[in-house]
Enquirer: 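Sending over a structure as structure tokens; questions will come in a sec.
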Amino acid sequence: MRLPGRVTICEVGTRDGFQIEPEFIPTERKIEVVDRLSEAGVARVEVTSFVHPKAVPQLRDAEAVMAAIRRRPGTRYAALVPNDKGAARAVDAGVDVIHTVVSASESHNLANVNMTIAESLDRLRAVAQIAARAGVPVQCGVSCSFGCPFEGDVPVARLESVVARLVDLGARGIGLADTTGMANPRQVSDVLERLMPRFPGIEWTLHTHDTRAMAIPNILAAMEHGVTNFDASIGGLGGCPFAPGASGNVCTEDLVHCLHAMGIETGIDLERLLGTSRRVQEIVGHVLPGQIVKAGPFTRKYPLPEAVAARVRR
Ligand code: COA
Ligand code: ZN
């Protein structure tokens, strides 16, 4: 396999994850989780989103969270914004990076942000201007890059035209999001093979959901193309409130465990990450999909049953 030596993970659990939790997570708990993640060595955190509080009530405390997190040198703190109003709020709150969102599916974009793709792209031009004035880089995510829960297939030509518009707006990074876990590894490979040579110099990120257990295989396929940036959420939290059937992102600690097992560095302390995942389970009050928290890492050993041990000794 052609694998990179190092991968950068962007933790999105406090945004993509917490946005869909049924109970409001107190602001102090959100801050605690962000701080624990950065202490575990996570280099990028999508802390929250600056969206309409009625659209996503869970994240109505975005300003308060951004104001109180302990900024660890070496961690980049981002937030998701859908429009210029969100960008202005994010800049005022002191984000290091703005993550924007537009969908490659017309129906999903309307459901998510109440705009056509063309209207979204217009608003994202205004976002780019606000960001440029503030000296804040912009990374543009494209929802439903590999399929839409309303429309089904999303033609790769449509994805490509949305990416081209975002690159024209000045995006340095493009995130391809598999919002409802429809992508398969061959498709990820085909899409990257087509897009990457057409947009040289772009930093690509793959944003996966493990809805159909294809997230890590998809990440492997992307790594084979040289992609080294992946979004993940602690415990496997997550889902999009405006995309039916969406479930959690690829689980951060499961992905880190897999990468470390293959000798790929992440800069993240897996033990601390597992501790954070357990804490997040306490905070949300339900079991999360992450598997390593339950199974332990592959290095875990169990005591041999006494009867078997006696035979081994003989
Ligand atoms: N933050 C806070 N308020 C916002 C806002 C933002 N980013 N964007 C718009 N508003 C306010 C406007 O100021 C306006 O307020 P007013 O009625 O007091 O004048 C009101 O919302 C309506 O503005 P409009 O531009 O017509 O927004 P809308 O009602 O069409 O909603 C979005 C558009 C994008 C703001 C809304 O759909 C949204 O926040 N979606 C978030 C989706 C999301 O987070 N999805 C999950 C992640 S992918
Ligand atoms: Zn997502």
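Here, residue 1 is the first one in the sequence, and each next residue gets the next number. Each ligand, and each atom within it, is numbered from 1 in the order the structure gives.
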Enquirer: Here's one to test your reading of the geometry: is the NZ or CZ of R60 within 45 degrees of the ring axis of F24 and under 6.0 Å from its centre?
Expert: yes
Enquirer: Within less than 2.8 Å of the Zn ion (ligand 2), how many protein N/O/S atoms are there?
Expert: 3
Enquirer: Between R76 and E46, is there a side-chain N and carboxylate O pair less than 4.0 Å apart?
Expert: no
Enquirer: What ring-ring contact (aromatic ring centres under 6.0 Å, His included) pairs are there with at least one residue in residues 183-212, not counting sequence neighbours?
Expert: H207-H209
Enquirer: What about H257 and F298, are their ring centers closer than 6.0 Å?
Expert: yes
Enquirer: Salt-bridge test for R44 and E11: reply yes if a basic N is under 4.0 Å from a carboxylate O, no otherwise.
Expert: no
Enquirer: Could you list each N/O atom of ligand 1 together with any protein N/O atom closer than 3.5 Å, one pair per line with the distance?
Expert:
from: ligand 1; atom 1: 1 (N); to: V51; atom 2: O; distance (Å): 3.2
from: ligand 1; atom 1: 1 (N); to: R89; atom 2: NH1; distance (Å): 2.8
from: ligand 1; atom 1: 7 (N); to: F50; atom 2: O; distance (Å): 3.0
from: ligand 1; atom 1: 7 (N); to: N83; atom 2: OD1; distance (Å): 3.1
from: ligand 1; atom 1: 7 (N); to: G86; atom 2: N; distance (Å): 3.3
from: ligand 1; atom 1: 8 (N); to: N83; atom 2: ND2; distance (Å): 2.8
from: ligand 1; atom 1: 13 (O); to: K85; atom 2: NZ; distance (Å): 3.1
from: ligand 1; atom 1: 21 (O); to: H52; atom 2: NE2; distance (Å): 3.3
from: ligand 1; atom 1: 30 (O); to: N114; atom 2: ND2; distance (Å): 2.7
from: ligand 1; atom 1: 39 (O); to: H52; atom 2: N; distance (Å): 2.7
from: ligand 1; atom 1: 40 (N); to: N112; atom 2: O; distance (Å): 3.3
from: ligand 1; atom 1: 45 (N); to: N112; atom 2: OD1; distance (Å): 2.7

Enquirer: Looking at R6, I want to see if its CZ is surrounded by more than 12 non-hydrogen atoms of other residues, nucleotides or ligands under 6.0 Å.
Expert: yes
Enquirer: Applying side-chain hydrogen bond (donor to acceptor under 3.5 Å, both in side chains), name anything that partners T266, two or more places apart in sequence or on another chain.
Expert: H260
Enquirer: Check the surroundings of atom NZ in K54: do more than 12 heavy atoms from other residues, nucleotides or ligands lie under 6.0 Å from it?
Expert: no
Enquirer: Between S233 and D16, do the side chains contain a donor N or O and an acceptor N or O under 3.5 Å apart?
Expert: no
